[in-house]
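In what follows, a single structure is set out as structure tokens and then discussed.
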Number of protein chains: 2
Amino acid sequence: MTTSVRQTRPPQPTLEMVAEVAGVSRATVSRVVNGSTRVGPEIVAAVTTAVEELNYVPNRAARSLASRQTQALALVVPEDMTRFFGDPYFAAVVQGITRRLDQSDFTLNLLVASSDPQHKTLRYLRSGNVDGALIISHHTGDDFVAELETTMPVVFGGRPANADNLEAYFVDVDNAAGADLGTQRLVDLGRRRIGTVTGSADMPAGIDRLTGFLRALERAGIPTDAVEHGDFTVQGGAAATRRLLERCPDIDGLFVASDLMGTGALDVLREHGRSVPGDVAVVGFDDSPAATRGSVPLTTVSQPSEEMGFAMADVLLRRLADDADDDDDDDDDDESVPHRTIMPTRLVLRESA
Amino acid sequence: MTTSVRQTRPPQPTLEMVAEVAGVSRATVSRVVNGSTRVGPEIVAAVTTAVEELNYVPNRAARSLASRQTQALALVVPEDMTRFFGDPYFAAVVQGITRRLDQSDFTLNLLVASSDPQHKTLRYLRSGNVDGALIISHHTGDDFVAELETTMPVVFGGRPANADNLEAYFVDVDNAAGADLGTQRLVDLGRRRIGTVTGSADMPAGIDRLTGFLRALERAGIPTDAVEHGDFTVQGGAAATRRLLERCPDIDGLFVASDLMGTGALDVLREHGRSVPGDVAVVGFDDSPAATRGSVPLTTVSQPSEEMGFAMADVLLRRLADDADDDDDDDDDDESVPHRTIMPTRLVLRESA
DNA sequence: TTGTAGGCGTTATCAA
DNA sequence: TTGATAACGCCTACAA
């Protein structure tokens with residue numbers, strides 16, 4: 001061996017080379033590679049041998065150019081990295097998506113993008129890199145989505161923010177019902193001065209959970225003024241709790257719109273000398289790992305985040321399959337894939353309430 | 001508007017269509033799109049107008065097929081999702097990588113892959129989806145890497161596990177020196193019964209940090225038997241600490257090979273009624289957000305994780321640029337891109353030691 | 001400076 | 001069942 005050879009990379013084998021080795025045409029190799037049944041057994045064997053001998057792997061670009069498909073999906077997350085990695089909710093959703101995709105031969109492209117304001121992301125999407133897109137953590141302002149939908153099938157995690165979006169496909173839980181459930185727990189515990197730290201006001205999940213909270217309080221005839229806005233981050237949750245404590249020092253119950261914010265709330269409560277659940281009972285939302293990470297294990301409204309990711313991928317895959325079938329036929333919608341998939345929430349009792 | 005139109009997606013515009021609208025040839029449009037300077041100003045204007053009018057975006061597959069480049073990189077992480085999302089170290093590295101890539105027009109493909117044992121991942125890589133790969137958290141067993149290097153330029157985060165890999169490019173810190181530094185802090189504090197919770201034994205970072213720990217103790221003439229193996233997870237760190245406490249109940253100093261494991265250690269220490277740093281002084285490694293997440297802020301050996309990600313991407317991009325230049329010329333290595341990039345560590349003092 | 005033409009590695013449409 | 005032969009959308013000599 002010479003000591004310093006420039007690593008020269010052998011060119012990847014092509015269909016043509018395989019065809020030559022196997023003594024058949026490119027078309028036949030293509031059939032074998034793609035698992036067509038209409039090929040003679042001994043030919044299949046010959047091709048398979050050649051493929052392994054040459055260590056052949058099909059070129060994705062060429063395949064996608066010819067077939068107009070990529071076998072890839074994008075997961076678009078309009079948040080910055082810190083946020084994305086900071087909230088276990090995202091981890092669960094990604095986990096679910098990949099679990100579904102592992103059963104297919106689609107791959108996932110993660111697009112975490114608030115830094116470069118959607119421009120690069122949108123270009124990436126529009127340049128035919130993927131067959132469809134999954135969008136989570138969608139904010140009111142993220143209207144690049146509208147354009148996206150005209151380009152490729154899209155499925156949302158959480159009801160999309162655009163009010164006009166009646167045709168949108170999404171997977172969600174009934175956030176209002178969930179929040180109601182969580183708040184009711186506080187009521188049932190006999191708490192009568194109940195506050196909330198909301199999620200982002202520009203996200204349906206934030207808005208709906210507030211709605212559910214208010215509904216429960218009104219039903220119980222409890223004042224609904226103890227509301228402070230958070231943003232689904234630990235810091236935001238902590239800050240909101242601080243403001244709440246300042247404004248309403250007498251609260252004895254707190255509904256926090258996410259477990260992550262819940263940990264922030266717990267910190268502030270302790271910092272202010274309030275015991276949990278003694279002085280203040282706390283209920284979170286998500287049932288993410290964050291729920292058990294704080295000083296007190298959180299009672300929380302559980303949503304099946306991972307299952308939601310799984311369902312999102314599943315819906316998108318089915319839409320894609322449908323599109324492939326429709327060669328021409330009907331324009332009446334069979335509705336084989338439902339636009340909305342609503343998953344259940346349930347209350348998980350731990351120590352905080 | 002009809003109520004239920006099957007969303008029919010208009011075909012994406014092509015170079016050819018732009019050419020027609022602008023009244024020039026495809027070649028010219030291609031030049032303009034790719035920013036060639038050798039084009040008349042008014043032609044550039046015409047083409048630009050046409051591009052915007054049609055909302056044209058180049059097709060990646062076609063471009064990549066013709067140019068034999070993808071303008072995409074892969075980040076390969078041979079870990080499961082839970083682990084990937086659980087350790088802030090990865091978040092920092094990804095952050096750094098994307099920060100570098102944002103200055104280029106390369107995109108990043110994240111491949112978190114221990115589930116499907118590398119098969120799908122390897123196929124993805126080998127089918128020409130990316131121009132190069134970044135690999136972090138590389139274990140001894142992950143030998144698929146060897147094959148990868150023959151296919152495309154690769155840069156490692158952390159010295160690769162394969163001993164024979166002299167030609168490998170990587171970005172790392174001097175783990176042994178860092179661990180030595182951290183351990184020395186415990187010695188300087190007057191601790192004389194010092195233990196360690198190591199990282200994974202099949203990863204260079206784990207091994208080297210143990211080496212540094214041992215070196216510091218030997219220098220100080222302190223027994224080196226208080227060693228328990230962790231695996232860079234909270235649970236692993238906690239379990240190792242538990243074993244250590246059982247075996248050496250008298251330890252007064254603890255070097256933990258990662259902050260994440262450090263939080264696990266802190267929990268166990270408290271659970272056993274040991275105060276920190278009173279009874280046991282603790283030093284971590286990484287200086288990740290996990291360092292300040294536990295009950296006591298960790299004194300830790302800081303490594304510039306985000307900068308390391310940035311550097312990894314930078315090295316890979318430069319290798320790629322070099323490869324593009326070398327049309328034929330030399331076979332003596334200019335070594336314009338260094339094989340190893342070693343970043344500094346420093347001790348960050350907080351409350352735990 | 002601009003246009004022509006060939007090719008990149010597959011898939012898909014025909015015939016045979 | 002198999003094999004020619006077009007596309008697919010773009011880049012890139014080469015020629016004008």
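Just so it is clear, the model here is predicted, and its values are computed rather than measured. Just the heavy atoms: all of them, side chains too, but no hydrogens, waters or symmetry mates, feed the values below. Each chain gets a letter, A, B and so on, in the order its sequence line appears, and its residues count up from 1.
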If I compare all heavy atoms of Phe156(A) with all of Glu149(A), which pair ends up nearest, and what's the gap? CE1-OE2, 3.9 Å
When the distance from CE of Met17(A) to C1' of dG9(C) is rounded to whole Å, what number comes out? 12 Å
Look at all strands and tell whether Leu15(B) reaches a base, only sugar-phosphate, or nothing, counting heavy atoms closer than 4.0 Å. sugar-phosphate
Sort me out a list of protein N/O and nucleotides 1-3 of chain C N/O pairs below 3.5 Å, or just none if empty.
| residue | atom | partner | partner atom | Å |
| --- | --- | --- | --- | --- |
| dT2(C) | OP2 | Gly40(B) | N | 2.4 |
| dG3(C) | OP2 | Ser25(B) | N | 3.1 |
| dG3(C) | OP2 | Ser25(B) | OG | 3.2 |
| dG3(C) | OP2 | Thr28(B) | OG1 | 2.5 |
| dG3(C) | N7 | Arg31(B) | NH1 | 3.4 |
| dG3(C) | N7 | Arg31(B) | NH2 | 3.2 |
| dG3(C) | O6 | Arg31(B) | NH2 | 2.4 |

Rounded to whole Å, the CD-C1' distance (Gln12(B) to dC10(D)) equals 15 Å
Would you jot down, in residue-number order, the residues of residues 59-74 of chain B having a non-hydrogen atom under 4.0 Å from DNA chain C? Leu65(B), Ala66(B), Arg68(B)
Any donor-acceptor pair under 3.5 Å from Asn34(A) side chain to Ser36(A) backbone: no
Can we call the ring centroids of Phe85(B) and Phe85(A) under 6.0 Å apart? yes
Just N and O in the side chain of Ser30(B): are any of them under 4.0 Å from OP1 or OP2 of dC10(D)? no
Please check: side-chain N/O of Arg319(B) versus main-chain N/O of Val154(B), any donor-acceptor pairing under 3.5 Å? yes
Considering all heavy atoms, the nearest Thr151(A)-Gln12(B) contact: CG2-NE2, 3.9 Å
Over 12 foreign heavy atoms within 6.0 Å of CD, Glu147(A): yes
Using atom CD of Glu16(A) as one end and atom C1' of dG3(D) as the other, report the distance to the nearest whole Å. 13 Å
Exceeds 12 heavy-atom contacts within 6.0 angstrom, atom CD of Glu306(A): yes
Whether the side chain of Ser30(B) engages the backbone of Arg26(B) through a donor-acceptor N/O pair (distance < 3.5 Å, no angle test) should be reported. no
